[in-house]
Amino acid sequence: MVARRAGAERGVALRLPARRLRAVYRRLLAAYGPQGWWPADDGPFEVMVGAVLTQNTAWSNVERAIANLRAAGALDAEVLARAPRERLARWIRPAGYFNVKARRLQAFCRFYVAAGGLRALDALPTPALRARLLDVHGIGPETADDMLLYAFGRPVFVVDAYTRRLLVRLGIASGDEPYDAIRLGFERALGPDVPLYNEYHALVVAHAKAHCRVRPRCAGCPLRRLCPSAKSP
DNA sequence: TTCCTGGGAA
DNA sequence: TTCCCGGGAA
């Protein structure tokens with residue numbers, strides 16, 4: 001209902017070095033290859049379901065949960081909106097936090113149906129759509145931006161804990177900047193580019209798991225020469 | 001044991 | 001600001 005928080009808070013964008021961010025992207029892509037996140041054969045609705053289920057959860061477990069939903073014929077907004085909460089929780093059990101996520105998934109599906117479905121939502125400009133998503137119980141900035149980028153194809157850069165950690169290691173950010181400051185920082189530095197944002201975020205995740213972990217594995221890191229935090233062998 | 005493509009409530 | 005939610009895999 002409330003349409004504040006327009007998502008175009010240009011004033012708070014963090015200054016990020018565009019050339020450096022592009023160099024990082026080139027090296028990550030060369031090292032890990034295209035990640036193929038949320039392939040086109042997953043419909044937008046399935047992508048959005050995945051975005052809720054994957055909160056603080058390994059993707060492999062989300063796939064199990066989605067497989068359960070599909071097998072039950074419940075990969076559908078109307079079905080999920082009306083399903084008993086307990087049955088929904090049983091379907092998504094492998095994804096963890098199943099009671100919390102059953103509530104969130106149902107809240108999202110009811111919103112989705114009430115809003116008129118994909119067509120109606122996709123007709124909204126990005127700031128308005130983002131605001132609508134953020135009003136839904138269980139959808140925070142990262143989940144909203146996953147949906148905007150991977151389901152709606154909007155040029156919104158997804159920021160997560162991995163992104164923050166990478167920026168900190170690269171000496172680009174302190175890590176405690178507000179979510180939108182970092183998101184807008186990327187968007188301003190890179191310019192609107194859906195395929196780039198799509199791949200960039202996925203590559204950051206791959207990189208954070210392979211090298212830029214809490215305890216960094218700098219040996220063989222593709223960003224070694226760009227990274228002031230790199231440990232000498 | 002830690003970690004995983006967070007967000008809400010206290 | 002802290003705490004809670006949780007199964008599955010490494």
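A quick note: this is a predicted structure, and the numbers were derived from the prediction, not measured. Heavy atoms only: backbone and side chains are in, while hydrogens, waters and symmetry mates are out.
Rounded to whole Å, the distance from CG on A:Leu105 to C1' on C:dC5 is 16 Å. With rounding to whole Å, A:Leu134 atom CG is found 16 Å from B:dG6 atom P. Spacing between atom CZ of A:Arg183 and atom C1' of B:dG6 amounts to 17 Å, rounded to whole angstrom units. What separates CD1 of A:Ile182 from P of B:dG6 is a distance of 15 Å, to the nearest Å. For A:Arg104 and C:dC4, the CZ to P distance is 15 Å, given to the nearest whole Å. In this structure, NE2 of A:His201 is placed 13 Å from P of B:dC4, rounded to the nearest angstrom.
To the nearest 0.5 Å, atoms CG (A:Leu121) and CE (A:Met147) are separated by 10.0 Å. Here the CG-NE2 distance, from A:Leu28 to A:His211, works out to 10.0 Å after rounding to the nearest 0.5 Å. A distance of 10.0 Å separates CG of A:Leu53 from CD of A:Glu46, quoted to the nearest 0.5 Å. Here the SG-CZ distance, from A:Cys227 to A:Arg27, works out to 11.5 Å after rounding to the nearest 0.5 Å. Note: A:Tyr200 OH to A:Arg22 CZ = 9.0 Å, rounded to the nearest 0.5 Å.
If you find the closest nucleotide of DNA chain B to A:Arg213 and to A:Gly140, the one lying nearer the 5' end belongs to A:Arg213.
Among the protein residues, A:Val52 comes within range of no part of the nucleic acid, since none of its heavy atoms lies under 4.0 Å from any strand.
For the segment residues 143-165 of chain A, the set of residues with a heavy atom within less than 4.0 Å of an atom of DNA chain B comprises A:Thr143, A:Tyr162, in numerical order.
For A:Lys209 and B:dT5, the shortest distance from a side-chain N or O to OP1 or OP2 is below 4.0 Å.
Remark: side-chain polar atoms of A:Arg103 are not paired, donor with acceptor, to backbone N or O of A:His137 under 3.5 angstrom. In this structure, the side chain of A:Lys101 engages the main chain of A:Ala95 through a donor-acceptor pair within 3.5 Å. Side-chain atoms of A:Gln106 come within 3.5 Å of backbone N or O of A:Leu80 as a donor-acceptor pair.
Between the P atoms of C:dG8 and B:dG7, the separation comes to 23 Å (whole Å). Comparing the P positions of C:dC4 and B:dT2 gives an interatomic distance of 16 Å, to the nearest angstrom. Here the separation of C:dA10 from B:dT5, taken at their P atoms, is 12 Å to the nearest Å.
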Inset, instruction - Assess whether salt bridge (charged side-chain N to carboxylate O under 4.0 Å, His left out) is satisfied between A:Asp122 and A:Arg154, documenting all intermediate values. - result: CA-CA 10 Å; A:Asp122 198 33; A:Arg154 306 299 177 92; 3.1 Å; yes
Would you tabulate the pairs of protein nitrogen or oxygen atoms and nucleotide nitrogen or oxygen atoms of nucleotides 6-10 of chain C closer than 3.5 angstrom?
unit_1: C:dG6; atom_1: OP1; unit_2: A:Phe98; atom_2: N; d: 3.4
unit_1: C:dG6; atom_1: OP1; unit_2: A:Asn99; atom_2: N; d: 2.7
unit_1: C:dG6; atom_1: OP1; unit_2: A:Val100; atom_2: N; d: 3.3
unit_1: C:dG6; atom_1: OP2; unit_2: A:Asn99; atom_2: ND2; d: 3.4
unit_1: C:dG6; atom_1: O4'; unit_2: A:Tyr97; atom_2: N; d: 3.0
unit_1: C:dG6; atom_1: N7; unit_2: A:Tyr97; atom_2: OH; d: 3.2
unit_1: C:dG6; atom_1: O6; unit_2: A:Asn56; atom_2: ND2; d: 3.3
unit_1: C:dG6; atom_1: O6; unit_2: A:Tyr97; atom_2: OH; d: 2.2
unit_1: C:dG6; atom_1: N1; unit_2: A:Asn56; atom_2: O; d: 3.4
unit_1: C:dG6; atom_1: N2; unit_2: A:Thr57; atom_2: OG1; d: 3.4
unit_1: C:dG6; atom_1: N2; unit_2: A:Ala95; atom_2: O; d: 3.0
unit_1: C:dG7; atom_1: N2; unit_2: A:Asn61; atom_2: ND2; d: 2.8
unit_1: C:dG8; atom_1: O4'; unit_2: A:Asn61; atom_2: OD1; d: 3.3
unit_1: C:dG8; atom_1: O4'; unit_2: A:Asn61; atom_2: ND2; d: 3.2
unit_1: C:dA9; atom_1: OP1; unit_2: A:Arg64; atom_2: NH2; d: 2.4

Legend entry - Watson-Crick or G-U pairs under 3.5 Å in DNA chain C, rendered as dot-bracket with [ ] for crossing pairs and | for another strand: |||||.||||
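Defined by atom type and a distance below 3.5 Å, a donor-acceptor pair is missing between the side-chain atoms of A:Asp145 and A:Tyr150.
Ring-plane geometry between A:His201 and A:Trp37 is classed as perpendicular, the angle between the planes exceeding 60 degrees on a 0 to 90 degree scale with a lower cut at 30. The aromatic rings of A:Tyr197 and A:Phe157 lie perpendicular to each other, with more than 60° between the two planes, well past the 30° mark.
By the 5.5 Å and 30° criteria, A:Trp59 is not stacked with the base of B:dC4.
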